2 protein chains.
Amino acid sequence: MKKRFEDFESFLRGRGLKVTRTRALIFEEIFAAPTVHPNAEEIYRKLVAKKKRVSLATIYRTLNLLVKSGLVSAVDLGEDHSHFEPEWDRTAHGHLICLSCGRVQEFSREEIQDAIERIGKEKGFELDKFSIQVFGFCQACGKK
Amino acid sequence: MKKRFEDFESFLRGRGLKVTRTRALIFEEIFAAPTVHPNAEEIYRKLVAKKKRVSLATIYRTLNLLVKSGLVSAVDLGEDHSHFEPEWDRTAHGHLICLSCGRVQEFSREEIQDAIERIGKEKGFELDKFSIQVFGFCQACGKK
DNA sequence: TTTAATGCAAACATTTTGCACCCTG
DNA sequence: CAGGGTGCAAAATGTTTGCATTAAA
């Protein structure tokens, strides 16, 4: 099931929060290009480029709401700031991060998910979520 | 093979850098308690408690050297700062991080490492390193 | 004695917050 | 029109850097 803006609306209404123009714009920026993994600054710059009047503060506040809602995840790509991606309902996935060009590819493997679930069982650890970052060189960069 | 201070000395000498008292102290702090995963601030506080005269700046500078040397890794435990651990020669491992008490357990599984290597091959991605964080509740906290 | 290392304070980068004004419901 | 939302500027964090001084080699 694909998450859409209505899910964010429900989340906000359920907490007595308001559905605003700015929140919709930020939501759009993340969901319209799911492979981009933008950070707060990038979202800000894109909205400014589209002549929207927003502030970084609001972007951070909205990102926090989106993460709390479960519709968006923060991902660590080895930089000193967070990146954000839509959280679709699908097998958990990891990221391949190119140390040369910075390109990010996703992957998902049942076997890894299963192995992690087995580890949780063994150690009596109740799983919530996990993240995997694989660093290296993508096909294009590795060939050089 | 277990890494020891001599390895750090070789690294430093090989680059024309100096083996100093402060660098030894910081190295010790990380290697003496490998399960601690301290952050820069914690290392600083422990050394101050031991009446050592150090600055956070030197700790950060030394941590950067240790990471470059490959003797120490920076690990992301979901907080807004890095933690550090000795990088022993062993199968790559992941961390189970308790969202309630913050305790960190390690795990390692050949099958995960193999799966990631297979993914690299498939995508023509030349692997360098990977990290896995599993968030959830440890046995003690989960029972409550 | 030469060159790197250190502590300190200032600079940085990212993210959060206080406040006066604005907009949604 | 009441209460949350917003932009702006200031604050809070974590980390890095410039500089004068100290200490390895």
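These figures come from a predicted structure and were not determined experimentally.
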Taking a hydrophobic cluster as the set of Ile, Leu, Val, Met, Phe, Trp and Tyr residues connected by side-chain heavy atoms closer than 4.5 Å, whether directly or through intermediates, do B/Leu63 and B/Phe8 fall within one such cluster? yes
Would you be so kind as to tabulate the donor-acceptor pairs closer than 3.5 Å made by side chains of residues 16-34 of chain B, with sequence neighbours excluded?
from: B/Thr20; atom 1: OG1; to: B/Arg23; atom 2: N; distance (Å): 3.2
from: B/Arg23; atom 1: NH1; to: B/Lys18; atom 2: O; distance (Å): 2.8
from: B/Glu29; atom 1: OE1; to: B/Lys50; atom 2: NZ; distance (Å): 3.2

One thing to verify: whether B/Glu9 and B/Arg4 come together as a salt bridge, which I'm taking to mean a side-chain N less than 4.0 angstrom from a carboxylate O. no
Could you state the CG-C1' distance from A/Leu12 to C/dT24, rounded to the nearest angstrom? 12 Å
If you look at every heavy atom in A/Ile112 and A/Phe107, which pair is closest and at what distance? CD1-CE1, 4.1 Å
Distance criterion of 3.5 Å, no angle test: do you see the side chain of B/Arg61 paired donor-to-acceptor with the base of C/dG7? yes
Salt bridge check, B/Arg109 against A/Glu122: does any charged N sit closer than 4.0 Å to a carboxylate O? yes
Just report the end-to-end axis angle for the helix from C/dT1-D/dA25 to C/dG25-D/dC1, five pairs per end, to 10 degrees. 40°
For C/dT16, take OP1 and OP2 only and decide whether either is under 4.0 Å from a side-chain N or O of A/Asn64. yes
Calculate the interatomic distance between B/Ile26 atom CD1 and C/dA5 atom P; express it in whole Å. 12 Å
Pairs under 3.5 angstrom only: tabulate donor-acceptor contacts from the side chains of residues 128-138 of chain A to other protein residues two or more places apart or in another chain.
from: A/Ser131; atom 1: OG; to: A/Gln133; atom 2: OE1; distance (Å): 3.3
from: A/Ser131; atom 1: OG; to: B/Gln133; atom 2: NE2; distance (Å): 2.9
from: A/Gln133; atom 1: NE2; to: B/Ser131; atom 2: OG; distance (Å): 3.0

Sole residue of A/Arg45, A/Glu79, A/His81 in side-chain hydrogen bond (donor to acceptor under 3.5 Å, both in side chains) with A/Asn39: A/His81
Among residues 13-22 of chain B, which contact DNA chain D at a heavy-atom distance under 4.0 Å? B/Lys18, B/Val19
List, with names and distances, any nitrogen or oxygen atoms from the protein found under 3.5 Å away from nitrogen or oxygen atoms belonging to nucleotides 12-14 of chain C.
from: C/dT14; atom 1: OP1; to: A/His81; atom 2: ND1; distance (Å): 3.1

d(CZ, A/Phe8; C1', D/dG5) in whole Å: 12 Å
Counting only non-hydrogen atoms, which of residues 42-57 of chain A are less than 4.0 Å from DNA chain D? A/Arg53, A/Val54, A/Ser55, A/Ala57
We want to know whether B/Glu85 and B/His93 form a side-chain donor-acceptor pair, criterion being a heavy-atom distance below 3.5 angstrom. yes
Do other residues, nucleotides or ligands put more than 12 heavy atoms under 6.0 Å from A/Glu6 CD? yes
Within a strict 4.5 Å, meaning less than it, do heavy atoms of the A/Asn64 and A/Thr62 side chains meet? no
Protein-nucleotide distance (A/Arg23, atom CZ; C/dC23, atom C1'), rounded to Å: 12 Å
Within less than 4.0 Å of OP1 or OP2 of D/dG7, is there a side-chain N or O belonging to A/Thr58? yes
